[in-house]
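Input: a single structure, listed below in structure tokens.
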Amino acid sequence: MSAVVNSSTVPVSTASRRWAATGVAAAIGSLASVFLSMSLSPEYIPGSVITSEAIDAGLMAERPSMIAFHIVTLASAGLLMVFAAGLHRCLTSALPSASLVPLIAFSGLLLVVAAQTLGTGLDTEFLFGIGDSAINLPSDIGFYSHWIATIPWLWFGGGVAALAVGAARRHGGVSGWLGITSTILGAQTLLLAIAPLQYMAAGPGALWLLIAAIGFSAESRTQPGSRC
């Protein structure tokens, strides 16, 4: 005798809260990554000359922060992948089948994941090679300093994803307040990235992610039948 499973008993809203919660953690991790990369950069003093030796000495004293930067940034990237997948499922279920919005939002966030992953790509080489000229030339450390203070901040894709969520409002895919907020912060993120002011794009980009993740999580609680 076969059993019939009623799909309405599946706790969809509980699953939804989980994917949305990963977005909150990813946003916090992204902001922490930016803060840590800033703390690893040499202090800029107008009129001064920053030497490779000064950068090298500064990073040698900041090895714990380098490890924290690596872990936090990659953790954020992994969590963001889950959020991107959940967002794609949410928008796909709420929008017309021919809509490109879900795929655009998913692809935009994957660009951020790629930037964060690449942003940590040189960590091992320099974490264990600081102060060892047999591994890294003195001039290399300056490149690494610029790398970690630039690549993880590339939130162009996040701006695209935010605008896609904003566009979903037209078809009732997301609530009005979330659609408007996504449009405003998405436009800011995109314009800063195009300007080019990539350093500043991570701010509104990660802020949008935090607000959107909290919004989706809250809506799934207040609307138990929601597929998002």
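What you are looking at is a predicted structure, and each value in this text was computed from that prediction instead of being measured. In what follows, residues are counted from 1 in the order of the sequence shown.
At a threshold of 4.5 Å between side-chain heavy atoms, the hydrophobic network of Ile, Leu, Val, Met, Phe, Trp and Tyr places Tyr144 and Val72 in one connected group. One hydrophobic cluster, built from ILVMFWY side chains closer than 4.5 Å, cannot hold both Ile180 and Leu91; they sit in different ones.
Listed by first and then second residue, the side-chain hydrogen bond (donor to acceptor under 3.5 Å, both in side chains) pairs that reach into residues 201-213 are Ser182-Trp208, sequence neighbours excluded. Residue pairs meeting the side-chain hydrogen bond (donor to acceptor under 3.5 Å, both in side chains) criterion with at least one member in residues 161-174: none, sequence neighbours excluded.
The minimum heavy-atom distance between Thr73 and Ser33, with the atom names listed, is OG1-OG, 2.7 Å.
With a 4.5 Å cut-off on side-chain heavy atoms, Leu87 and Phe83 count as touching. Trp177 has its side chain within reach of Ile211: a pair of non-hydrogen atoms, C-beta onward, lies under 4.5 Å apart.
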Side-chain donor/acceptor pairs under 3.5 Å, residues 184-206, sequence neighbours excluded:
{"residue": "Thr189", "atom": "OG1", "partner": "Leu185", "partner atom": "O", "Å": "2.8"}
{"residue": "Thr189", "atom": "OG1", "partner": "Gly205", "partner atom": "N", "Å": "3.2"}

Mind listing the side-chain donor-acceptor pairs of residues 146-158 below 3.5 Å, one per line with the distance, residues two or more places apart or on another chain?
{"residue": "Trp147", "atom": "NE1", "partner": "Leu118", "partner atom": "O", "Å": "3.0"}
{"residue": "Thr150", "atom": "OG1", "partner": "His146", "partner atom": "O", "Å": "2.8"}
{"residue": "Trp153", "atom": "NE1", "partner": "Ser37", "partner atom": "OG", "Å": "2.9"}

Under 3.5 Å, which donor-acceptor pairs link side chains of residues 97-111 to any protein atom two or more places apart or in another chain?
{"residue": "Ser99", "atom": "OG", "partner": "Val101", "partner atom": "N", "Å": "3.2"}
{"residue": "Ser107", "atom": "OG", "partner": "Leu103", "partner atom": "O", "Å": "2.8"}

Let me have the donor-acceptor pairs involving side chains of residues 21-32, under 3.5 Å, with sequence neighbours excluded, atom names and distances please.
{"residue": "Thr22", "atom": "OG1", "partner": "Trp19", "partner atom": "O", "Å": "2.5"}
{"residue": "Ser30", "atom": "OG", "partner": "Ala26", "partner atom": "O", "Å": "2.8"}
{"residue": "Ser30", "atom": "OG", "partner": "Ser76", "partner atom": "OG", "Å": "2.8"}
{"residue": "Ser30", "atom": "OG", "partner": "Gln116", "partner atom": "NE2", "Å": "3.0"}

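For the pair Thr120 (side chain) and Thr117 (backbone), a donor-acceptor distance under 3.5 Å is present. Side chain of Ser217 to main chain of Ala213: no donor-acceptor pair is present (N/O by atom type, distance under 3.5 Å, no hydrogens or angles). Remark: the backbone N or O of Leu36 is paired with a side-chain donor or acceptor of Ser39 at under 3.5 angstrom.
Residues satisfying the side-chain hydrogen bond (donor to acceptor under 3.5 Å, both in side chains) test with His88, not counting sequence neighbours, are none.
The distance from atom CD1 of Ile214 to atom CG of Leu178, rounded to the nearest 0.5 Å, is 11.0 Å.
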